[in-house]
2 protein chains.
Amino acid sequence: MDIAQPHALPAAEALALRYGADQVPPAGPWNAHIALLLSHRSVRGYQPDALPADTLRTLIAAAQSAATSSNLQTWSVIAVTDPDKKARLATLANHQNHIEQCPLFLVWLADISRNRRLGEQEGVTLETLPYQETFLVAAIDAALAAQNAVVAAESLGLSTVYIGALRNNPTEVAKLVGLPPGAFAVFGLCVGYASAAGAAEVKPRLAQDAVVHHDVYDASREPVLRAAYDARMAAFSLRHGMAFDTWTRRVIGRMGKITAMSGRDKLVATLHAMGFSLR
Amino acid sequence: MDIAQPHALPAAEALALRYGADQVPPAGPWNAHIALLLSHRSVRGYQPDALPADTLRTLIAAAQSAATSSNLQTWSVIAVTDPDKKARLATLANHQNHIEQCPLFLVWLADISRNRRLGEQEGVTLETLPYQETFLVAAIDAALAAQNAVVAAESLGLSTVYIGALRNNPTEVAKLVGLPPGAFAVFGLCVGYASAAGAAEVKPRLAQDAVVHHDVYDASREPVLRAAYDARMAAFSLRHGMAFDTWTRRVIGRMGKITAMSGRDKLVATLHAMGFSLR
């Protein structure tokens, strides 16, 4: 069996990249699968090269192997390879050119329309469809599936990046790929071979102790951990020729003003119009 | 490097388990990572054995390596090992004993409270916090992180099962683990070594063509594919000594009546009370 190990670093090196050399957590058990997961980076530049035959089949088999709530399978995916459609989606998603560049663009759907059709065909009203809970399950199931596809793609030496900006113009996205009521594009995913310009570094994250709590939520060390992370992210941005940035500035920049939502503040009205009552 | 390959089947065998011997899709590229993903099954019975030292560290490193929208990291996790807390959570989640059995129970949080604290400490109002979009991002990010933890756990020979039933009693769950406003337990995850009774088979899914669409959504073959899947699931349930069941009956059973939601029809009111305005 061919075992692809594009970035199989030992634990200490992989953890230093992910947390910073001064914040490496104790290494637990380790193997090539875990090294692959740790090596993830989002890539925003792609070569035009086609994917190996039937790569989509492999990615979908991985995606469908993820857990799904009560086996309801309330997600679907549109595999977009048509150049015109990719170009249009790139424009709709805040002009992200990598959507046009990548050979395969996946539009992941929270999809309760399949279940609705089942009910219609069987003459049964599915009373739970109009609920926030049902939308949440569908969005979570789509995310679990997509993440498995990401791991599979990266194991094959491919790169990916999630595209949340599909939610900037969800109605136009739905029209472009012909979505029925009850199907909503939660995010996109570029898949392809990274270009030299697109190759990115592993991005440091908050220290583990800032996100893990033991038996009870405890944020007492958060200010100290945030200050240390701010320093690491500032160093990271400078090292990679980006404008000086800390995590604190980043969060304020993305979450401070409604204008930063690029229209996503209208999501509830959009979902209502698309057949999700969110009761 | 130690490469754990608990279930590294060749493509044809793994796909036959996942889709049924009569519905095997064309095999695309394949490797041990993909074989691991395909081998997933949810396990509802655990041995009491402790996990290897620092397993939690490995699972969290994998989880934090997943993509997160704009690096906002709007999720957290409570690692519950206290027996009394696990027993109480098992009761709250519809008396699922495996929550009590497993040595590690992870409560995954959509968590915008860390960002809110950041804003408060910096004297900045984060205007985007009360939006449905922000809750959706947090839930998706928690799901991406959790799925990476699942893959890492299974690569170590551990088993898992997601627990959506934490949402049956979210207020009590929040109280038990001391959640601040803006943190919501989206689901739980049992982690441990499967017991003989808990060992489960790979569950067949809908045919790929029922969930993948090419450039445009097309449900025209859905009735045929659903009938074939109903037959496969009926055979699966009989083969495993379960009551006769088709996917159609399952969907109607879980989505037909509000009572099947076990209180989750009140999710919007609960989220409002927990600090998610869902505007």
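Bear in mind the structure is a predicted one, so any value in this text is a computation, not a measurement. Note on naming: letters A, B, ... go to the chains in the order of the sequence lines (proteins, then strands), and numbering restarts at 1 for each one.
- Expressed to the nearest 0.5 Å, how far CD of A:Glu222 lies from OG of B:Ser76 amounts to 7.5 Å.
- There is no contact between B:Ala174 and chain A, counting heavy-atom distances below 4.5 Å.
- Contacts of A:Arg18 with chain B are made by side-chain atoms alone, with heavy-atom separations under 4.5 Å and no backbone atom involved.
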**Asked** Are A:Ile140 and B:Tyr162 close enough, and set up right, to give a side chain to side chain contact (heavy atoms under 4.5 Å, CB included), and what steps lead you there?
**Response** CA-CA 11 Å; A:Ile140 290 171; B:Tyr162 284 102; over 6 Å; no
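- Heavy atoms closer than 4.5 Å to chain A are found in the side chain of B:Arg167, but not in its backbone.
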**Request:** Please test A:Phe187 against B:Ser69 for side chain to side chain contact (heavy atoms under 4.5 Å, CB included), starting from the C-alpha separation and ending with a verdict.
**Result:** CA-CA 10 Å; A:Phe187 48 75; B:Ser69 183; over 6 Å; no
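- With sequence neighbours left out, the side-chain contact (heavy atoms from CB on, under 4.5 Å) criterion links B:Ala152 to A:Ile34, A:Leu37, B:Leu59, B:Ala62.
- For a residue to count as touching a neighbouring chain, one of its non-hydrogen atoms must lie under 4.5 Å from one of that chain's; by this rule B:Val212 touches chain A with backbone and side chain alike.
- With a threshold of 4.5 angstrom between heavy atoms, B:Leu15 approaches chain A through side-chain atoms but not through N, CA, C or O.
- Heavy atoms of B:Ala27 lying under 4.5 Å from chain A belong exclusively to its backbone.
- Taking chain B as the reference chain and counting heavy-atom pairs below 4.5 Å, the highest number among A:Val216, A:Thr248, A:Leu144 is found for A:Leu144.
- The closest side-chain donor-acceptor pair between B:Arg205 and A:Asn71 falls under 3.5 angstrom.
- For B:Leu51, no part lies near chain A; criterion is any non-hydrogen pair under 4.5 Å.
- Interface remark: B:Lys203 contributes side-chain atoms only to the contact with chain A (heavy atom separation under 4.5 Å).
- Formation of a donor-acceptor pair under 3.5 Å by the A:Gln147 side chain with backbone atoms of B:Ala66 is not found in this model.
- Looking at B:Lys85, only its side chain comes within 4.5 Å of chain A, counting heavy atoms on both sides.
- To the nearest 0.5 Å, the span separating CG on A:Leu36 from NE2 on B:His33 amounts to 5.0 Å.
- Proximity to chain A is limited to the side chain of B:Tyr19, based on heavy atoms less than 4.5 angstrom apart.
- Chosen from A:Arg114, A:Lys266, A:Met233, the residue pairing most often with chain B at heavy-atom distances under 4.5 Å is A:Arg114.
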**Message:** Applying side chain to side chain contact (heavy atoms under 4.5 Å, CB included) to A:Arg264 and B:Tyr131, what does each step give before you reach the verdict?
**Reply:** CA-CA 9 Å; A:Arg264 300 187 214 173; B:Tyr131 283 81; over 6 Å; no
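- Distance alone, capped at 3.5 Å, is enough to place a donor-acceptor pair between the A:Asn31 side chain and the B:Ser155 backbone.
- For a residue to count as touching a neighbouring chain, one of its non-hydrogen atoms must lie under 4.5 Å from one of that chain's; by this rule B:Asp218 does not touch chain A.
- Atom CD of A:Glu133 sits about 9.5 Å away from atom OG of B:Ser262, to the nearest 0.5 Å.
- Both the backbone and the side chain of B:Thr68 come within contact range of chain A, judged by heavy atoms closer than 4.5 Å.
- Of the two parts of B:Thr125, only the backbone, made up of N, CA, C and O, holds a non-hydrogen atom closer than 4.5 Å to a non-hydrogen atom of chain A.
- By number of non-hydrogen pairs under 4.5 angstrom with chain A, the leading residue of B:Gly119, B:Pro223, B:Pro180 is B:Pro180.
- Residues in residues 53-67 of chain B take part in these salt bridge (charged side-chain N to carboxylate O under 4.0 Å, His left out) pairs, two or more places apart or across chains: A:Asp209-B:Arg57.
- Heavy-atom distances place no part of A:Phe105 under 4.5 Å from chain B, backbone and side chain included.
- With hydrogens and angles disregarded, no donor-acceptor distance shorter than 3.5 Å links the side chain of A:Gln132 to the backbone of B:Leu267.
- Residues A:Met255 and B:Thr74 share a closest heavy-atom pair of CE-CG2, 4.4 Å.
- Donor-acceptor pairing under 3.5 Å is recorded for the side chains of A:Gln121 and B:Arg226.
- The CD atom of A:Glu127 sits 4.5 Å away from the NZ atom of B:Lys257 when rounded to the nearest 0.5 Å.
- Top candidate by heavy-atom pairs under 4.5 Å with chain A, chosen from B:Arg117, B:His214, B:His40, is B:Arg117.
- Contact tally against chain B (heavy-atom pairs below 4.5 Å) for A:Leu179, A:Val124, A:Leu206, A:Thr55: the top residue is A:Leu206.
- When each of B:Val251, B:Val77, B:Val80 is checked for heavy-atom pairs under 4.5 Å with chain A, B:Val77 comes out on top.
- You'll find the side chain of B:Val268 stays beyond 4.5 Å of the side chain of A:Leu278, heavy atoms only.
- For the residue pair B:Arg250 / A:Ser70, no side-chain donor-acceptor distance below 3.5 Å is found, with atom types taken as modelled.
- With a 4.5 Å cut-off on non-hydrogen atoms, A:Ala207 touches chain B through its backbone but not through its side chain.
- Scanning all heavy atoms of the two residues, the minimum distance from A:Tyr217 to B:Gly178 falls at CB-O, 3.2 Å.
- When the candidates A:Ala260, A:Ala67, A:Gly164 are compared by the number of heavy-atom contacts under 4.5 Å with chain B, A:Ala67 comes out ahead.
- The backbone N or O of B:Pro29 lies less than 3.5 Å from a partner atom in the side chain of A:Thr58, making a donor-acceptor pair.
- Of the listed residues (B:Asp111, B:Thr160, B:Asp141, B:Thr134), the one with the most heavy-atom contacts under 4.5 Å to chain A is B:Asp111.
- Options A:Leu118, A:Ile60, A:Leu56, A:Asp265 differ in how many heavy-atom pairs under 4.5 Å they form with chain B, and the most are formed by A:Leu118.
- Counting heavy-atom pairs closer than 4.5 Å to chain A, the top residue among B:Val107, B:Leu136, B:Leu129, B:Val137 is B:Leu136.
- For the set B:Ala63, B:Pro26, B:Pro25, the count of heavy-atom pairs under 4.5 angstrom toward chain A peaks at B:Pro26.
- For the set A:Asp82, A:Val186, A:Val202, A:Ile258, the entry with the most heavy-atom pairs within less than 4.5 Å of chain B is A:Ile258.
- Contacts between B:Gln64 and chain A at a heavy-atom distance below 4.5 Å involve backbone atoms as well as side-chain atoms.
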